[in-house]
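Presented below is the structure to which this report refers.
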Amino acid sequence: MPKVTIPVGPQHPALKEPINFMVSVDGETIVDADMNLAYSHRGIEKLAESKTYLQNIYLVERICGICSHTHTTCFVQGVEELMGIEVPERGLYIRTLVAELERIHSHLLWTGVAGHEIGFDTLFMYTWRDRELALDLLEMITGNRVNYGINTIGGVRRNIKAGMKDQILKHIGKLEERVQYYTDMATTESTVLLRAEGVGHLPENEARKFCAVGPTARASNIPTDVRKEDPYAAYEELDFELITSDSCDILGRLIVRMQEMVESCKMARQLIENLPSGPIRAPMSREVPAGEVVSRYEAPRGECLYYVKSNGTFYPERLKVRASTYANWPAVVYSLKGYYIADIPLIIAAIDPCMSCTSRVAILDTKDGNERKVLDMDYLRTYGIKWYKEHGRGVRRR
Amino acid sequence: MVRTIGSMFPEAFRHLWKKRATVLYPFEKLELTYRYRGKLEFFDERCKGCKVCEEDCPSFAMEIKDEGKEQDGKTKFRRIYHTDRCLFCGQCAESCMSESIILTKEFELAESDKEKFTIESTYSTEIIAKEREVKEDG
């Protein structure tokens, strides 16, 4: 039987954001897969070069709507390193607390999406309702449910007041209870097990080969976590476990995320109980000394990497962002092979993909031998007039 | 591993007697936290004309134009605030050294007329250079 290749995406009901998979099938089984990225390129890295470091915090925050704190923390950590700023301990604790609450809300969101993809919308409704507890806490601490705007160069912008502690502990208690319930439910409920067990298998050696990060790697039994390997913020002082699973399938990724939420609740409790007193931020100057830095951060989806190059002015010379989803795409292509067409949405959703997070790369093929030149506005105008004369307009005015 | 089916049924039934989670907007509104960042409000009499708000705004929502000296020695300024560009991050209020900007809880800013997104005001002030202070809490 001849192999049939079907395109999934870039606009497809099963995918929430634009991405294209060329899937070769033999009947219902996927035999080969290829992917095309960058349908939502926004030019953020280039835009960052024209904004000051302070303005860039709010720009990078908008790279991702779910893990916005990830991007700002990763960026400010790098800039603080360049400037040689020592962030006060209280500032680091608040930064870590927001990071862990963000992890809880991101993982609960993912659980809901996974529930939706496997056709278990009850799970989706309840996890998203419980996610509100984490969002309420974030709103109380930072003022916003998403895009918190809490980080600044040298520390954080908002303090935790004495009255807030009880409220945070109360909500964390409730979250712990709910997360435990979902962990028990997900590992026994047939609806979940039938769709997730043994699907999207990614063995340990393949995960290493494809450089998978975050829960995807940890579910393939690779103990990798920036919080343990290269502790930043207040993680060095926290007692938490690195969760791994040896099942290497989607169920493993679900369990890893569930148990990570339990660990996050534990960490949030520790952070609140041991919150040091003192200032929340150190004074900063607007000029950043020349130099370059790489900053790492464990986002809910895996390792996020920032490269900042400064030339000693108010503006960065180069900002490079490697979001965690980008590192996980090759693993998705591998884990699609051998499974059914109906499993595509779930296998893609299992890495918790964020398409616009990853769409930051412009590939220039220099091997085709074509001449390249910089086009100015006048050239483009003449070219446009000529092109429309030859091709005609698609939509004519009446 | 014990496999079950319908383990969420008891949870779902329990919710039949629980309070509704949503509110009937616009008749009912959720209570906003006191740290909520909404539309900006300006106290022109406090402004010192340092333009740090314009400098720090990540979305270029603020413009402070110098309109020249007045007879009493004060400088005339024209402030243009674009609500459609504003991100409501509050960086201007934080950077402002004379506390002339505050964030209100107003969030219903939809307009059908584009011109209404631009808020202008003119005021005169004495330019006083002051050291920037680090604010503790927003």
Side-chain angles (χ1 to χ4, degrees), chain A residues 47 51-52 54-62 115 120 122-123 125-126 128-129 132 136-145 147-150 152 154-161 164 178 181-182 184-194 197 251 279-286 314, chain B residues 1-15 18-23 30-39 50-62 85-97 102-105 107 131-138:
Chain A
L47 185 59
K51 286 180 187 276
T52 63
L54 204 61
Q55 289 172 330
N56 272 327
I57 299 173
Y58 303 101
L59 175 71
V60 296
E61 188 158 52
R62 276 146 186 89
F120 189 17
T122 318
L123 180 65
M125 293 289 174
Y126 287 114
W128 278 46
R129 182 205 55 188
E132 288 296 313
D136 285 348
L137 285 183
L138 287 166
E139 192 184 8
M140 184 178 75
I141 299 167
T142 68
N144 265 9
R145 282 159 55 90
N147 295 343
Y148 321 109
I150 191 160
T152 190
V156 289
R157 289 169 64 197
R158 308 269 170 134
N159 208 341
I160 288 182
K161 302 211 165 176
M164 285 180 180
R178 296 303 304 167
Y181 170 75
Y182 292 126
D184 297 341
M185 191 275 306
T187 47
T188 54
E189 172 71 46
S190 295
T191 322
V192 178
L193 294 175
L194 286 169
E197 206 174 9
L251 187 67
I280 56 167
R281 61 197 276 188
M284 56 154 271
S285 82
R286 273 151 205 261
F314 294 145
Chain B
M1 199 184 280
V2 185
R3 282 172 184 251
T4 57
I5 192 150
S7 59
M8 285 193 90
F9 279 148
E11 179 75 19
F13 280 122
R14 213 174 297 141
H15 283 78
K18 280 199 175 174
K19 217 174 73 183
R20 193 177 58 195
T22 51
V23 294
L30 287 172
E31 200 190 327
L32 299 168
T33 56
Y34 79 99
R35 281 179 174 173
Y36 183 80
R37 299 190 288 260
K39 191 181 173 182
C50 67
K51 295 186 184 179
V52 75
C53 50
E54 187 185 2
E55 189 189 305
D56 279 352
C57 179
S59 59
F60 313 110
M62 194 87 75
R85 292 185 202 168
C86 185
L87 299 173
F88 307 100
C89 62
Q91 184 60 50
C92 52
E94 198 181 287
S95 299
C96 181
M97 52 187 181
I102 61 155
L103 289 125
T104 62
K105 285 189 180 181
F107 64 92
E131 281 292 306
R132 203 187 302 271
E133 287 167 10
V134 173
K135 282 177 204 166
E136 270 293 286
D137 196 6

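In what follows, chains are A, B, ... by sequence order, proteins preceding strands, each numbered from 1. No hydrogens, no waters, no symmetry mates; every other heavy atom, side chains included, goes into these values.
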One should read off an interatomic distance between A:Arg145 CZ and B:Thr33 OG1, to the nearest 0.5 angstrom, of 11.0 Å
For A:Arg62 and B:Leu87, run side-chain contact (heavy atoms from CB on, under 4.5 Å): C-alpha distance rounded to whole Å, both residues' side-chain angles, the deciding distance at 0.1 Å, then the answer.
CA-CA 10 Å; A:Arg62 276 146 186 89; B:Leu87 299 173; 3.6 Å; yes
Output for pair (A:Tyr181 OH, B:Glu11 CD), nearest 0.5 Å, gives 4.5 Å
Rounding to 0.5 Å, atoms CD1 (A:Ile57) and CG (B:Asp56) come to a distance of 9.5 Å
Rounded to the nearest 0.5 Å, the CZ atom of B:Arg35 sits from the CZ atom of A:Arg157 at a distance of 11.0 Å
SG (B:Cys57) and CG (A:Leu54) are apart, to the nearest 0.5 Å, by 11.0 Å
Show, in sequence, the C-alpha distance, side-chain angles and deciding distance for A:Glu189 and B:Ile5, and conclude whether the side-chain contact (heavy atoms from CB on, under 4.5 Å) test is met.
CA-CA 5 Å; A:Glu189 172 71 46; B:Ile5 192 150; 3.9 Å; yes
Okay, A:Phe314 and chain B: the region with an atom under 4.5 Å from a heavy atom over there is neither
Across all chains, not counting sequence neighbours, the side chain to side chain contact (heavy atoms under 4.5 Å, CB included) partners of A:Asp136 are A:Glu132, A:Glu139, A:His171
(message) Does any part of the side chain of B:Glu55, heavy atoms only, come nearer than 4.5 Å to the side chain of A:Arg286, both counted from C-beta?
(response) yes
Hits for ring-ring contact (aromatic ring centres under 6.0 Å, His included) against A:Tyr126, two or more places apart or cross-chain, chain-then-number order -> B:His15
Here the gap from B:Glu94 atom CD to A:Thr152 atom OG1, rounded to the nearest 0.5 Å, amounts to 5.5 Å
Of all heavy-atom pairs linking B:Arg37 and A:Asn144, the shortest is NH2-ND2, 3.3 Å
When the 4.5 angstrom heavy-atom criterion is applied to A:Leu59 and chain B, the contacting part is neither
Counting heavy-atom pairs under 4.5 Å with chain B, the top scorer among A:Ile141, A:Asp184, A:Thr191 is A:Ile141
Okay, B:Phe60 and chain A: the region with an atom under 4.5 Å from a heavy atom over there is side chain
